[in-house]
Amino acid sequence: MPALSTWNLDPTRILTRRELTTVLAYLGARAAHSANTQRNLIIVRLACCCGLRVSEIAALQLDDIVADVQRPHLRLRRQITKGKRARCVPVWWDGGTLADLGAGKARSLAVGARGTEPFVCSVRANRRGHSLQRAALRRRFQFACKVLGLARLRTLTIYHGRHTFISHALAGGRTMAEVRAAGVHASLLTTSVYLHVAVDDDGEIGALFAFGQSCAA
């Protein structure tokens, strides 16, 4: 019988509920006035709320954002996924994610972009419509999370957005089968590693052994 996986998830490498809320609120409050911030918000949504790898974000096309159906989703074509396995990532799980991704697609189409053009692209006038390189996406993710502070930034990369998505989806009540399909894990065993991650634990100093005054002898 094959040995079970011994891989363990480092819980410090996911964004807690409070951290993710802080980042999304920070970006959302500024997105209306900045194309760069709008793009950063999309990158965080794709990484932390959809579980996409950086290579998948770079290759995602406008037509892959299927927002005008009963169950909105992202279409991950086999050509752009790890292991060449196509998958569907539900966007109907979260209304905020659907609103931000749908608005991002609408903005691009409104200025004449075609469905086969990259969803996340440069906003510079001389490079508008050109996809971002992976290094640029990694920098954009870090910049988007700067509200968490420098010390926290040193522990996070864009790939930890994927860990965040899977952990929060399970904590939010989605089944292991659903999350496995969205994250395209090879087995439920891999998905199960995320089951007991405390997404609400912000590392505050607790009082685990504060039992009150001791009884008199």
Side-chain angles (χ1 to χ4, degrees), residues 13-68 72-77 80-81 89 91 93-165 168:
R13 296 305 182 95
I14 72 162
L15 279 78
T16 65
R17 194 183 308 278
R18 182 183 301 176
E19 287 177 329
L20 186 54
T21 298
T22 297
V23 171
L24 293 174
Y26 173 79
L27 297 172
R30 293 158 177 77
H33 309 291
S34 168
N36 273 316
T37 305
Q38 291 168 0
R39 180 186 56 188
N40 292 349
L41 177 58
I42 292 294
I43 292 170
V44 171
R45 285 290 191 185
L46 291 173
C48 296
C49 305
C50 299
L52 269 62
R53 299 176 175 90
V54 64
S55 59
E56 295 169 342
I57 295 174
L60 202 66
Q61 298 177 352
L62 285 167
D63 278 345
D64 296 328
I65 317 302
V66 186
D68 53 351
H73 59 276
L74 304 181
R75 181 187 63 177
L76 276 293
R77 293 165 284 115
I80 71 172
T81 63
V89 178
V91 181
W93 288 358
D94 181 69
T97 301
L98 173 59
D100 287 338
L101 298 186
K105 179 177 181 177
R107 283 193 299 268
S108 295
L109 295 177
V111 296
R114 293 171 295 179
T116 55
E117 292 183 15
F119 180 45
V120 180
C121 57
S122 175
V123 296
R124 291 167 51 187
N126 63 335
R127 288 191 55 81
R128 193 175 302 277
H130 290 256
S131 60
L132 293 183
Q133 299 298 313
R134 298 181 192 183
L137 288 168
R138 294 186 183 100
R139 289 195 302 271
R140 291 287 96 206
F141 180 86
Q142 287 270 306
F143 189 79
C145 295
K146 68 178 183 178
V147 68
L148 300 179
L150 182 59
R152 184 60 168 131
L153 282 184
R154 292 194 183 105
T155 71
L156 294 174
T157 71
I158 193 170
Y159 190 76
H160 298 131
R162 179 171 168 81
H163 295 325
T164 298
F165 164 70
H168 282 268

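Each residue takes its place number in the sequence, starting with 1.
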Which residues share a side chain to side chain donor-acceptor pair (under 3.5 Å) with T21, sequence neighbours left out: none

Y159 and F141: CA distance, side-chain angles, deciding distance, side chain to side chain contact (heavy atoms under 4.5 Å, CB included) verdict: CA-CA 10 Å; Y159 190 76; F141 180 86; over 6 Å; no

Side chain to side chain donor-acceptor pair (under 3.5 Å) involving T155 - partner list, sequence neighbours excluded: R152

Sole residue of L27, T164, L15 in side chain to side chain contact (heavy atoms under 4.5 Å, CB included) with V44: L27

SG-CD1 distance between C48 and I14, expressed to the nearest 0.5 angstrom: 10.0 Å

Inter-residue atom distance T97.OG1 - L46.CG, 0.5 Å rounding: 9.0 Å

For F143, all residues meeting ring-ring contact (aromatic ring centres under 6.0 Å, His included), sequence neighbours excluded: none

Qualifying salt bridge (charged side-chain N to carboxylate O under 4.0 Å, His left out) pairs with a residue from residues 94-110, counting only residues at least two apart or across chains: R45-D94, R45-D100

Any I158 side-chain heavy atom under 4.5 Å of I57 side chain: yes

H160: ring-ring contact (aromatic ring centres under 6.0 Å, His included) partners, not counting sequence neighbours: H163

For the student: nearest non-hydrogen atoms of G28 and L41, plus distance: CA-CD2, 4.4 Å

With sequence neighbours excluded, residues passing side chain to side chain contact (heavy atoms under 4.5 Å, CB included) with L98: A67, P72, V91

Spacing of CG belonging to L20 relative to CG belonging to L24, to within rounding of 0.5 Å: 4.5 Å

Interatomic distance, F165 atom CZ to C49 atom SG [nearest 0.5 angstrom]: 8.5 Å

Pair S55-I80, side chain to side chain contact (heavy atoms under 4.5 Å, CB included): steps then yes or no: CA-CA 7 Å; S55 59; I80 71 172; over 6 Å; no

Separation between CG of L156 and CD of Q142, rounded to the nearest 0.5 Å: 7.0 Å

Residue list, side chain to side chain contact (heavy atoms under 4.5 Å, CB included) with Q61, at least two apart or on another chain: D64, R77, T116

Atom pair OH (Y26) and CG (L148), whose distance is rounded to the nearest 0.5 Å: 10.5 Å

Sequence-distant partners of R17, salt bridge (Lys or Arg N to Asp or Glu O under 4.0 Å), two or more places apart: D200

Under 3.5 Å: donor-acceptor pair, side chain of T22, backbone of R18: yes

Test side chain to side chain contact (heavy atoms under 4.5 Å, CB included) applied to A113 - qualifying residues, sequence neighbours left out: L62, S108, E117

Qualifying residue for side chain to side chain contact (heavy atoms under 4.5 Å, CB included) with F119, from L101, D63, L74: L101

E56 versus L76, closest heavy-atom pair with distance: CB-CD1, 3.9 Å

Residue pair L52, R162: steps toward the side chain to side chain contact (heavy atoms under 4.5 Å, CB included) verdict: CA-CA 6 Å; L52 269 62; R162 179 171 168 81; over 6 Å; no

Student check: side-chain heavy atoms of R138 and T157 closer than 4.5 Å: no

Test side chain to side chain donor-acceptor pair (under 3.5 Å) applied to N36 - qualifying residues, sequence neighbours left out: R39

Worked check of side chain to side chain contact (heavy atoms under 4.5 Å, CB included) between L132 and C121: CA-CA 5 Å; L132 293 183; C121 57; 5.7 Å; no

